[in-house]
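Presented below is the structure to which this report refers.
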Amino acid sequence: IPPSDGKAKAALDEAHKKLEADLPLLLLLPSGPFERELAFVVQELEARSGAGELNSNEEHTLKSLKRMKELLLRSSRNNSTDWQNLRKQITSVVDDEEFPRFTRGKRF
């Protein structure tokens, strides 16, 4: 876009703002990027757990991530009530004492 095309730049800026606002929703769509990455991480941690390679904090992390994965898989996400219920359920997982907390790579 040429710098002189103010309308095109304004349209792109507006589209960027809308996309940025909707990105969390897009990431959480069924079979979306978050679910795929979560499934991958759970699979990797389960393999390491089966081999006895996880410490207790990592086992707690695996347990929490598996719980979150199950919530996502069971959620229909067809309407706003479904999304609100999912938010509450995921929040309960994150608020659980066993959910890992990290700051600069260290658990606190």
Side-chain angles (χ1 to χ4, degrees):
I1 298 174
S4 61
D5 193 348
K7 285 186 180 182
K9 183 173 179 349
L12 278 177
D13 287 344
E14 184 63 28
H16 179 264
K17 287 177 188 175
K18 287 181 181 180
L19 180 60
E20 194 172 57
D22 292 339
L23 190 57
L25 175 65
L26 295 171
L27 290 173
L28 288 173
L29 287 173
S31 301
F34 183 78
E35 274 189 42
R36 289 192 304 270
E37 289 301 315
L38 181 60
F40 174 77
V41 170
V42 167
Q43 182 180 3
E44 292 293 313
L45 288 174
E46 284 177 329
R48 290 185 54 213
S49 178
E53 298 174 357
L54 298 183
N55 63 38
S56 63
N57 287 340
E58 292 167 329
E59 288 290 347
H60 289 302
T61 299
L62 174 58
K63 179 181 171 187
S64 296
L65 294 177
K66 285 171 70 173
R67 192 167 155 215
M68 191 177 296
K69 179 183 168 191
E70 287 301 315
L71 288 172
L72 288 166
L73 290 175
R74 289 184 304 173
S75 174
S76 60
R77 294 175 263 180
N78 291 325
N79 56 49
S80 63
T81 301
D82 292 342
W83 281 98
Q84 289 171 1
N85 289 334
L86 179 61
R87 180 186 56 81
K88 288 176 188 174
Q89 292 170 335
I90 288 176
T91 299
S92 75
V93 172
V94 173
D95 287 345
D96 189 307
E97 287 180 15
E98 293 183 356
F99 192 79
R101 309 277 187 255
F102 294 95
T103 300
R104 296 184 190 201
K106 296 182 180 180
R107 192 172 200 275
F108 67 94

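Below, each value reflects all heavy atoms present in this structure, side chains not excepted, and no hydrogens, waters or symmetry copies. This structure is a prediction, so every number in the text was calculated from the model and none was measured.
- Separation of atoms CG (Leu54) and OG1 (Thr61) is listed at 8.5 Å; rounding is to 0.5 Å.
- For the side chain to side chain donor-acceptor pair (under 3.5 Å) condition, the pairs that include at least one residue of residues 16-38, sequence neighbours left out, are Glu35-Arg77.
- Cluster annotation: Leu65 and Leu73 are assigned to distinct hydrophobic clusters (Ile/Leu/Val/Met/Phe/Trp/Tyr, side-chain heavy-atom contacts under 4.5 Å, transitive).
- Glu44 meets the side-chain contact (heavy atoms from CB on, under 4.5 Å) test with Phe40; sequence neighbours excluded.
- Among residue pairs with one or both ends in residues 61-70, those qualifying as salt bridge (charged side-chain N to carboxylate O under 4.0 Å, His left out) are Glu46-Lys66, Lys63-Glu98, Arg67-Asp96; sequence neighbours excluded.
- Checked against side-chain contact (heavy atoms from CB on, under 4.5 Å), Asp82 has the following partners two or more places apart in sequence or in another chain: Ser76, Asn78, Asn79.
- Ser49 meets the side-chain hydrogen bond (donor to acceptor under 3.5 Å, both in side chains) test with Glu59; sequence neighbours excluded.
- Under the side-chain contact (heavy atoms from CB on, under 4.5 Å) criterion, Thr91 pairs with Arg87, Asp95, not counting sequence neighbours.
- Of all heavy-atom pairs spanning Phe34 and Leu28, the tightest one is CD2-CD2, 3.6 Å.
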